[in-house]
Amino acid sequence: MKKIIKIRIFLRSFLIQTGWNYERMQNVGYAFAIFPALVLNRSKEVLYKALVRHLENFNTQPIMSSMVLGVSVKLEEELASREGPEADEIEKRIRITKRSMGSALGAIGDRFFWGILFPITVGIIVLTWQLGGFKNWILPVDFGSHSPDINYYVISLGITLSLIFYNSFAIWIRWRGLDFGYKCASSTSCGVDFIDWHKLINRLRVLGIFILSLITAVAMFVAFKHSFGSGAQGKIYIACSIGVFILGFTLKRFNHRNVFVFAAIAVASSIVFLFV
Amino acid sequence: MEKQIIFLCALTALLDLDIAFVGQFFISRPTVVGAVIGILCGNFLAGALLGLWAELVLVDHIMIGGHIAPNRVFFASSSVIFFSFFKMPIPVAFISGFAIAWGGVYVDAFMRKTRSSWGRKIEKEAKDNPYRINSWIFKSVVQQFFLMLAYFGVGLFAVGNIAGGLWKHAPVALEKGLWFAFFMIPWLGLGTLLKHIRSR
């Protein structure tokens, strides 16, 4: 793949979800992203046929789509140099490959980005705040305050680090995935073996569990320390905090919505406050 | 004040594009949006914390396939604006923000439905000029931006005035209950996150 084409497809792949619709999902964004490769050495009629081919139903995890794009570019190049039944065969392969890769990579991508990277980035924000001495994320705070005790740089640093962490994976996979897809176009497991996903996901999961467990332990310690000596009210606060933590952990299994749990806590505690 | 709010609405609609439309750089995550809007409103601390809590409440809503989660950007941004400009107490600003985020689901679903016929339209147009695909993408981005801007602006003033008015008549117990539930969010979020990452 020519460098300039690769760069153009890479940049356009950031808009793959633009035009997402219920009928054909990412079709418009996908056709737009692959367009620079389709235009090369084609008559208007052939270009039209190629564009229609890529306006068919397609959906995958947006970042992982670069691998499918790489494979499609390679197959489109092959198609441009063939005629007759051979060309029909490649056309069929493009359709099948897109569909099968889209589903497989969608499943891996959703697990990787939403299931693993996202919780870790939340962990990075909170851990940085905690290490920087900013404890107000867990303790009651005066929101209007501009206290000199609050380190605004630490708050910003946590947010920035989480963005760097997430995007270093996302942008790297987008860029390298294009190349990888292009090179492995003939392989049946193309994309799935881009990285040892299983190993990477497992390692990151361990890292995530470590970060989140550490945060939980420190948060409980801070809350205990804060409530120590503050009488019955402090003890109730600690008991409720631990109870809600266990509730969140347990209810996740039943696919509960946090917002409904929040509403239930608000209603229950309002009733309690009504009588206390 | 109105000019400032309109600017913040435009910025919010712009950041909203990052959720799915343009980039997916994660700058649409509530903590980032809350902090940015917080800085502009002069309430950085409230912005960052409201953002983090919005994130923890929505941690179980994942945009996979056709599922549309409550709009995270609207949630964080409107909560901070309600607190800063409408002078709502934090928990009320938070709940009102969620109402706007929830409404965003229906607007987004409407837009997705509207675009369903685009594939056929582009196919028709491409016969004469295949390069028209570029303008469809441009149209899609502009349409999303302006519709979301309109929804957010109208929603902000409507919910802000209604919730602000109702809140004055709310019993004290409800206020205390909301504050309590509000401070439980980090614990609820941590529990959910830990289970979320442990699941295979």
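It should be emphasised that the depicted structure is a prediction, and the values quoted were computed from it without experimental measurement. Chain letters run A, B, ... following the sequence lines, proteins first, then strands; residues in each count from 1.
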Problem set entry | Between A:P119, A:A31, A:G19, A:S241, the one whose heavy-atom pairs under 4.5 Å with chain B are most numerous | A:S241
Exercise. In terms of heavy-atom proximity below 4.5 Å to chain B, should A:L163 be classed as side chain, backbone, both, or neither?
Worked result: side chain
For this session: Could you tell me which of B:E55, B:R29, B:K139, B:M111 has the largest number of non-hydrogen atom pairs under 4.5 Å with chain A?
Result: B:R29
Exercise. Do B:Q4 and B:L40 have side chains that get closer than 4.5 Å, going by heavy atoms?
Worked result: no
Seminar exercise, completed: Checked B:I185, B:V141, B:L56, B:V57 vs chain A; the most non-hydrogen pairs under 4.5 Å come from B:V57
For this session: Counting only heavy atoms closer than 4.5 Å, note whether A:I159 contacts chain B via side chain, backbone, both or neither.
Result: side chain
Problem set entry | Residues A:F113, A:F169; criterion ring pair (Phe, Tyr, Trp, His ring centres under 6.0 Å); working and verdict | CA-CA 9 Å; A:F113 287 99; A:F169 279 99; 7.8 Å; no
Problem set entry | Per-residue contact mode, A:T160 against chain B (heavy atom under 4.5 angstrom) | neither
Exercise. For chain B, which of A:G243, A:G208, A:A170, A:C240 has the most heavy-atom pairs under 4.5 Å?
Worked result: A:C240
Exercise. If you count heavy-atom pairs under 4.5 Å with chain B, which of A:R12, A:Q26, A:E45 comes out on top?
Worked result: A:R12
Seminar exercise, completed: One option among B:S117, B:P91, B:A109 has the most heavy-atom pairs under 4.5 Å with chain A, and it is B:A109
Exercise. Ring pair (Phe, Tyr, Trp, His ring centres under 6.0 Å) with B:F152: which of B:F145, B:F74, B:F157, B:F75?
Worked result: B:F74
Problem set entry | Any donor-acceptor N or O pair under 3.5 Å, side chains B:Q24, A:R174 | yes
For this session: Let me know if B:I39 has heavy atoms under 4.5 Å from chain A in its side chain, its backbone, both or neither.
Result: neither
For this session: With a 4.5 angstrom heavy-atom cut-off, could you sort out which part of A:I125 is near chain B: side chain, backbone, both or neither?
Result: side chain
For this session: Sort B:A35 into side chain, backbone, both or neither according to what part of it lies under 4.5 angstrom from a heavy atom of chain A.
Result: side chain
Exercise. With B:E125, which residues qualify under side chain to side chain donor-acceptor pair (under 3.5 Å), at least two apart?
Worked result: B:R132, B:W136
Exercise. With a cut-off of 6.0 Å (strictly less than), are more than 12 heavy atoms of other residues, nucleotides or ligands near CZ of B:F110?
Worked result: no
For this session: Heavy-atom distances under 4.5 Å only: say whether B:F180 touches chain A with side chain, backbone, both or neither.
Result: side chain
Exercise. Okay, side chain of A:T18, backbone of B:F21: is any donor-acceptor separation there less than 3.5 Å?
Worked result: yes
For this session: Considering only heavy atoms and a distance below 4.5 Å, find which of A:L11, A:T121, A:I242, A:L247 pairs most often with chain B.
Result: A:T121
For this session: Flag the pair B:P186 / B:W53 as yes when at least one side-chain heavy-atom distance between them is below 4.5 Å, and no otherwise.
Result: yes
Problem set entry | Enclosure of A:F210 CZ (heavy-atom neighbours >12, cutoff 6.0 Å) | no
For this session: Name the member of A:L274, A:I16, A:N167 that forms the most heavy-atom pairs with chain B at distances under 4.5 Å.
Result: A:N167
For this session: Please state whether the side chain, the backbone, both or neither of A:I246 comes within less than 4.5 Å of a heavy atom of chain B.
Result: neither
Exercise. With a 4.5 angstrom heavy-atom cut-off, which part of A:F165 approaches chain B: side chain, backbone, both or neither?
Worked result: neither
For this session: Considering only heavy atoms and a distance below 4.5 Å, find which of B:L52, B:T114, B:L178, B:N129 pairs most often with chain A.
Result: B:L52
Problem set entry | Heavy-atom pair count under 4.5 Å with chain A, highest-scoring of B:N134, B:V32, B:V22 | B:N134
Problem set entry | Any A:Y153 side-chain heavy atom under 4.5 Å of A:F134 side chain | no
For this session: Using the six-membered ring of A:W20, assess whether NZ or CZ of B:R112 lies under 6.0 Å from its centre and within 45 degrees of the ring axis.
Result: yes
Exercise. Salt bridge between A:E23 and B:R120, side-chain N to carboxylate O under 4.0 Å?
Worked result: yes
Problem set entry | chain A contact via B:F94 - side chain, backbone, both or neither, heavy atoms under 4.5 Å | side chain
Exercise. Do the side-chain N and O atoms of B:T192 and B:D60 include a donor-acceptor pair separated by under 3.5 angstrom?
Worked result: no
Problem set entry | Pick from A:N27, A:V122, A:V52, A:I201 with the largest number of heavy-atom pairs that fall under 4.5 Å of chain B | A:V122
Exercise. Under a 4.5 Å heavy-atom cut-off, does chain A meet the side chain of B:Y131, its backbone, both or neither?
Worked result: both
For this session: Examine whether an atom of A:Y166 lies under 4.5 Å from a heavy atom of chain B, and if so say whether it belongs to the side chain, the backbone or both; otherwise answer neither.
Result: side chain
Exercise. In terms of heavy-atom proximity below 4.5 Å to chain B, should A:M25 be classed as side chain, backbone, both, or neither?
Worked result: neither
Exercise. What part of A:R24 is in contact with chain B, defined as an atom under 4.5 angstrom from a non-hydrogen atom: side chain, backbone, both or neither?
Worked result: side chain
Seminar exercise, completed: Checked B:V172, B:L17, B:I122 vs chain A; the most non-hydrogen pairs under 4.5 Å come from B:I122
Problem set entry | Gap between atom CZ of B:F98 and atom OG of B:S78 - 0.5 Å precision | 11.0 Å
Please list, one pair per line, the donor and acceptor atoms closer than 3.5 Å that link side chains of residues 261-272 of chain A to other protein atoms, with sequence neighbours excluded.
unit_1	atom_1	unit_2	atom_2	d
A:S269	OG	A:I265	O	2.6
A:S269	OG	A:A266	O	3.2
A:S269	OG	B:G177	O	3.2
A:S270	OG	A:A266	O	2.7

